[in-house]
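Reading through the structure tokens given below for one structure.
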Amino acid sequence: MSSNPPYPTGTVIQGKWRGNRYLVERVLGKGANGTVYLVQREGRRDRYALKIGYDTLDLQSEINALTSLQSCRKRNEYHARRETPLSSYLLEADDFSDGSNVPFYVMRYIEGRPLHHFLSKHGPSWIGLVGLKLLDKLRGLHECGFVFGDLKPENVMVSDYGEAELIDFGGVSPLGKSVKQFTEWHDRGFWNAGSRTADEAYDLFSFAVLCLRLLDEGGLKTAASQLPQTRSVEELLKLTRHLPNRKLASWLNLALQSGFSDSKQACDVWKEHVYNSRAVKPTGMKTPRWLKNSFAFSLFVLVFTIYWVIRF
Ligand SMILES: Nc1ncnc2c1ncn2[C@@H]1O[C@H](COP(=O)(O)OP(=O)(O)OP(=O)(O)O)[C@@H](O)[C@H]1O
């Protein structure tokens with residue numbers, strides 16, 4: 001990882017080949033592959049996220065995955081005659097000509113907070129909706145022939161309305177190839193539960209571990225601390241037995257054992273059994289006192305008016 005200090009606010013990042021200029025507002029985050037800045041493109045009001053990589057090859061493979069995904073989405077949307085914001089996720093890629101030609105790419109700025117922060121603020125009951133949105137994003141990727149690979153709460157941003165977006169496409173791998181990048185707890189191989197071949201079930205497994213991490217992080221930590229040779233999917237299944245939401249637990253059991261035929265089926269089952277069966281809060285609201293008083297006053301005025309009209 002580079003030890004370079006981040007570029008300060010006000011730095012202008014100019015692309016060597018395309019010439020576009022981006023003004024740095026602040027750092028959004030730093031990871032193993034690069035630093036992401038909130039930027040404004042010169043001459044435009046919109047803000048973007050700009051990622052500068054430490055390693056040209058790593059960043060280039062991320063850019064390649066995003067470019068392939070983007071063209072697949074555009075093709076699908078052209079056929080469906082609709083456009084979703086994800087088709088314009090990647091704006092451009094270039095090199096920063098500050099002497100060492102550092103590669104960068106510009107993407108849509110996703111406002112929100114990482115999934116684990118969102119759930120600790122709003123409560124675990126949101127997992128039904130957010131999970132559905134996330135599974136839908138994974139399904140879209142799979143339809144384009146890719147798996148996400150490095151699925152974890154830090155790589156999911158959630159808006160205040162529960163809309164989930166994936167970030168960090170460094171682990172995106174073509175179906176059938178080896179998963180490029182993964183994180184221990186979320187990795188099927190780590191649990192001796194299957195290969196690291198990129199298939200739809202790999203992402204569904206990571207998604208299930210992600211749910212366990214959000215709902216019982218302590219239990220997952222204990223299970224993960226076992227010796228590598230004794231670690232098994234059975235440890236994860238034990239954790240699901242303690243979950244109060246039995247429908248969610250059944251879904252997780254299937255995903256942990258590669259029981260879904262594909263992510264479309266996983267998404268449909270989630271929608272029907274986890275999302276639709278959320279505990280519905282009582283909708284009846286107590287009528288406020290001011291409303292009762294206004295109603296009584298209006299009734300009085302009405303009766304008085306009728307009396308007055310009949311009387312005179
Ligand atoms: N499009 C975006 N919109 C808003 N914030 C973003 C965006 N992309 C990345 N970030 C922020 O920047 C941080 C680092 O980005 P990213 O995860 O892509 O870096 P990385 O080097 O690949 O990280 P990792 O070490 O997890 O692989 C993220 O955790 C997130 O907070």
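For this chain, numbers begin at 1 and follow the sequence in order. These numbers come from a predicted model, not from an experiment. Counting starts at 1 for both ligands and their atoms, following the listed order.
Remark: minimum distance from atom 28 (C) of ligand 1 to any protein heavy atom is reached at Ile167 CD1, 3.6 Å. At the shortest separation from atom 31 (O) of ligand 1 among protein heavy atoms lies Leu28 O, 3.7 Å.
Residue-ligand proximity, Gly34 to ligand 1, at heavy-atom distances under 4.0 Å covers atoms 21 (O). Counting atoms of ligand 1 from 1 in the listed order, those under 4.0 Å from a heavy atom of Tyr109 are 3 (N), 4 (C). Close contacts between ligand 1 and Gln181 involve ligand atoms 27 (O) [criterion: under 4.0 Å to a heavy atom]. Counting the atoms of ligand 1 from 1 in the order shown, those under 4.0 Å from a heavy atom of Lys152 are 26 (O). Close contacts of ligand 1 with Tyr89, meaning ligand atoms under 4.0 Å from a residue heavy atom, involve 1 (N). Those atoms of ligand 1 with a heavy atom of Ala49 less than 4.0 angstrom away are 1 (N), 2 (C), 3 (N). Set against the non-hydrogen atoms of Asp168, the atoms of ligand 1 under 4.0 Å away are 16 (P), 17 (O), 18 (O), 20 (P), 22 (O), 23 (O), 24 (P), 26 (O), 27 (O).
At a 3.5 angstrom cut-off on N or O pairs, Asp150 does not count as close to ligand 1. Checking only distances, Ala32 does come within under 3.5 Å of ligand 1, N or O to N or O. Checked against a 3.5 angstrom limit, the closest N/O atoms of Lys51 and ligand 1 fall inside it.
Of the residues listed (Lys137, His142, Arg139), the one engaging Ser263 in a side chain to side chain donor-acceptor pair (under 3.5 Å) is His142, and it is the only one. Under the side-chain contact (heavy atoms from CB on, under 4.5 Å) test applied with Ile13, the options Leu23, Asp94, Val106, Ile52 reduce to a single match, Ile52. Screening His186, Arg188, Glu200 for a side-chain contact (heavy atoms from CB on, under 4.5 Å) involving Phe205 leaves a single residue, Arg188.
Ligand 1 does not have Glu62 within reach: every non-hydrogen atom of the residue lies 4.0 Å or more from it. Using a 4.0 Å cutoff on heavy atoms, Gly170 does not count as a contact of ligand 1.
A donor-acceptor contact closer than 3.5 angstrom is absent between the side chains of Tyr109 and Gln40.
Between Trp251 and Phe260, the two ring planes are tilted [angle within 30° to 60°]. Using cut-offs of 30° and 60° for the angle between ring planes, the Phe104 and Tyr22 rings count as perpendicular.
Both tests pass for Arg231 against the ring of Phe190: distance under 6.0 Å to the centre and angle within 45° of the axis.
A salt bridge links Arg241 to Glu234: one of the charged nitrogens lies within less than 4.0 Å of a carboxylate oxygen.
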